[in-house]
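Okay, structure first, notes after.
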Amino acid sequence: MSDDILLRLMEVLESRKQADPDSSYVASLYHKGLDTILKKIGEESAETIIAGKGGEEEQIIYEMADLWFHSLVLLAHKGLSAEQVLQELDRRFGLSGLEEKASREIK
């Protein structure tokens with residue numbers, strides 16, 4: 001179920017590329033460009049950190065949803081998909097985090 005909502009949301013985000021920026025928040029982000037999208041991710045990251053420090057579960061969930069949403073907007077803007085991220089997470093599943101990080105280091 002959790003990956004289903006991500007995939008459904010990606011479909012909506014993709015469709016917003018053709019929408020009027022005055023009628024859609026996501027279309028307005030696309031219209032403003034990459035820097036605006038990245039700024040929103042930065043803002044949502046900071047708000048998630050603050051919520052995490054505050055410890056209120058509902059606020060953490062709310063801010064995390066905003067962070068994930070804007071991250072998905074970035075993926076769609078760059079022509080990438082949530083499925084690609086899910087595949088990468090699946091690839092890492094069962095690997096030690098230390099092993100995975102070491103596999104990416106330049107020798």
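Fair warning: this is a prediction, and the values are worked out from it, not measured in the lab.
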(request) Start with the C-alpha distance between L9 and W68, add both sets of side-chain angles, then the distance that settles side chain to side chain contact (heavy atoms under 4.5 Å, CB included), and finish with yes or no. (result) CA-CA 11 Å; L9 185 52; W68 286 12; over 6 Å; no
(message) Just checking Y25: does its OH atom have more than 12 heavy atoms from other residues, nucleotides or ligands closer to it than 6.0 angstrom?
(response) yes
(message) Within a 6.0 Å radius of atom CD on Q84, are there more than 12 heavy atoms belonging to other residues, nucleotides or ligands?
(response) yes
(request) Spell out, yes or no, whether V12 and L86 are grouped together once hydrophobic residues are joined by side-chain heavy atoms under 4.5 Å, including indirect joins. (result) no
(request) Kindly indicate whether the side chain of T48, heavy atoms from C-beta on, has any atom under 4.5 Å from the side chain of Y62. (result) no
(request) Decide yes or no for S81 and L75: does some side-chain heavy atom of the first lie under 4.5 Å from some side-chain heavy atom of the second? (result) no
(message) If we ignore hydrogens and angles and just use 3.5 Å, is the side chain of H77 paired with the main-chain N or O of V73 as donor and acceptor?
(response) no
(request) Using modelled atom types only, decide if a donor and an acceptor are shared between the side chain of S24 and the backbone of P21 within a distance under 3.5 Å. (result) no
(message) To check you understand the geometry: which heavy-atom pair defines the closest contact between A82 and L72, and what is its length?
(response) CB-CD2, 3.9 Å
Counting only pairs under 3.5 Å, give me each side-chain donor-acceptor contact of residues 30-41, with atom names and distances, residues two or more places apart or in other chains.
residue: Y30; atom: OH; partner: L13; partner atom: O; Å: 2.9
residue: K40; atom: NZ; partner: E43; partner atom: OE1; Å: 3.3
residue: K40; atom: NZ; partner: E44; partner atom: OE2; Å: 3.4

(request) Kindly write out the residues that satisfy side chain to side chain contact (heavy atoms under 4.5 Å, CB included) with K53, not counting sequence neighbours, or none if the list is empty. (result) none
(request) Indicate if L89 and L80 have the same hydrophobic cluster label, given that clusters are the connected sets of ILVMFWY residues with side-chain heavy-atom separations under 4.5 angstrom. (result) yes
(request) Please tell me if the side chains of R92 and E88 come closer than 4.5 Å, counting only heavy atoms from C-beta onward. (result) yes
(message) Please check this pair: side chain of E63 against backbone of I60, looking for a donor-acceptor N/O pair closer than 3.5 Å.
(response) no
(request) Quick one: closest heavy-atom pair of A27 and R16, and the distance? (result) CB-O, 3.4 Å
(request) Look at the side-chain heavy atoms of Ile, Leu, Val, Met, Phe, Trp and Tyr, link any pair under 4.5 Å apart, and say whether I50 and L67 land in one connected group. (result) no
(message) Under the rule for salt bridge (charged side-chain N to carboxylate O under 4.0 Å, His left out), what residues qualify as partners of E56, not counting sequence neighbours?
(response) none
